[in-house]
Amino acid sequence: MTDRIREFLRNRRDDGPCVVVDLEVVRENYFAFARALPDTRVFYAVKANPASELLHLLAKLGSCFDCASVAEIEMGLAAGATADRISFGNTIKKERDIARALELGVRLFAVDCQAEVEKIERAKLLTGAKGVKVFCRILCDGAGAEWPLSRKFGCVPEMATDVLEHAHRRGLEAYGVSFHVGSQQGNVNSWDSALASASAIFRECATRGINLSMVNLGGGFPTKYLKNVPGVPRYGDAIFRALSKHFGNQLPETIIEPGRGMVGNAGIIEAEVVLISKKSDEDTARWVYLDIGKFGGLAETMDESIRYPIRTRHDGADMGPCVLAGPTCDSADVMYEKVPYMLPFSLEIGDKVLIEGTGAYTTTYSAVAFNGFPPLKQYTI
Ligand SMILES: *Cc1c(COP(=O)(O)O)cnc(C)c1O
């Protein structure tokens, strides 16, 4: 909680739950990444939080943008980034969206199979675009991550070489390799095995006469929730060591795509306790219902994956176990039950609560009007 957010909330007209993002914190995070990985370009993952003021700030600081759709590309351009600072990083794209991105000037694309390479080739021929680069995403098991991104994206490393050769033969620039070690990755050494695979792909491509240039190290940098996490400098050190180990003195060009690590700790949600009840006189846990839940922005509580720190005005008082649920008429809208959440016994209906670390993956996951609840409001200060 920063003083600026505290001051903002004190003066805000109460109009339901909201998230407040402190841009000063985002600025500090950007410089922490730039310092920890000085020779690496930062491509902010827009999906984590696409607030216009935030994108403008990052564009001004020199950030590039990892975009998953034409809409995100347009947001990056509107924020002041030139097209050469934008990557179309989704491996699953419609051919007409690839063509639109090429018309907008984007030249960097992710692929993980030959069919996607062929879409890009056709879109390139259609638009007459030149200098189109592709990087191939490889699978990563996401071990150690609290929000793994495994399976859906990437191919096995052995296949990546064929995909890149396919791109090369079809007139695209086979540019490099990407991976994502899983979001909220607590292990600083997780990049090591993926970098071993990446360097093997570089060597195999070289024997086929294709010189790759770039390794995209993805995101995964964590935000502090309930547990402590290593700081960005420790990730920088471990990644640099792994790069040196696997690439020797021929270090590739590198980029990172932080999302959560760039904005998570910059945001705080203020919400309200709507009801506290028990299901029977013997119930040991209280049910605490907030005016925000899985459909209002806290979707990452799915499977109780992300456990947000929750502050109340009673902090320090005795605590007891609670089932924490949202306000909608859907029984899936329960956030913490398998592992109950400890909250003060003195918590009352109508109390405000502060949910920390909610700058990333909240507004973008909130439903438009499920049950008539409006999407999560956001203020950037
Ligand atoms: C979501 C995503 C990111 C951001 O991941 P974080 O764990 O939030 O840093 C980066 N790259 C790609 C391709 C993504 O899909």
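Numbering of ligands and ligand atoms starts at 1, following listing order. Every value quoted in this text rests on a predicted model; they were computed, and no experiment measured them.
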Neighbour list for ligand 1 [protein residues, heavy atom under 4.0 Å]: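 Protein residues near ligand 1 are Ala45, Lys47, Asp66, Arg137, His180, Ser183, Gly219, Gly220, Glu257, Pro258, Gly259, Arg260, Tyr361.
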
Going by the side-chain hydrogen bond (donor to acceptor under 3.5 Å, both in side chains) test, which pairs reach into residues 64-76, not counting sequence neighbours?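 Output for this query is empty, none listed.
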
Can I get a per-line list of side-chain donor-acceptor pairs under 3.5 Å for residues 103-113, giving both atom names and the distance, sequence neighbours left out?
| from | atom 1 | to | atom 2 | distance (Å) |
| --- | --- | --- | --- | --- |
| Glu103 | OE1 | Arg100 | NH1 | 3.3 |
| Arg107 | NE | Lys130 | O | 3.0 |
| Arg107 | NH1 | Leu102 | O | 3.0 |
| Asp112 | OD2 | Gly154 | N | 2.8 |

Name of the residue among Leu251, Thr254, Leu37 meeting side-chain contact (heavy atoms from CB on, under 4.5 Å) with Phe240: Leu251

Could you pull out all residues at least two apart from Asp192 that satisfy side chain to side chain donor-acceptor pair (under 3.5 Å)?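 Testing Asp192 for side chain to side chain donor-acceptor pair (under 3.5 Å), a comparison that skips the adjacent residues, returns Lys245, His246.
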
Parallel, tilted or perpendicular for Tyr308 and Tyr225, by the 30°/60° rule? perpendicular

Could you check if a side-chain atom of Glu146 sits within less than 4.5 angstrom of a side-chain atom of Arg307, using non-hydrogen atoms only? no

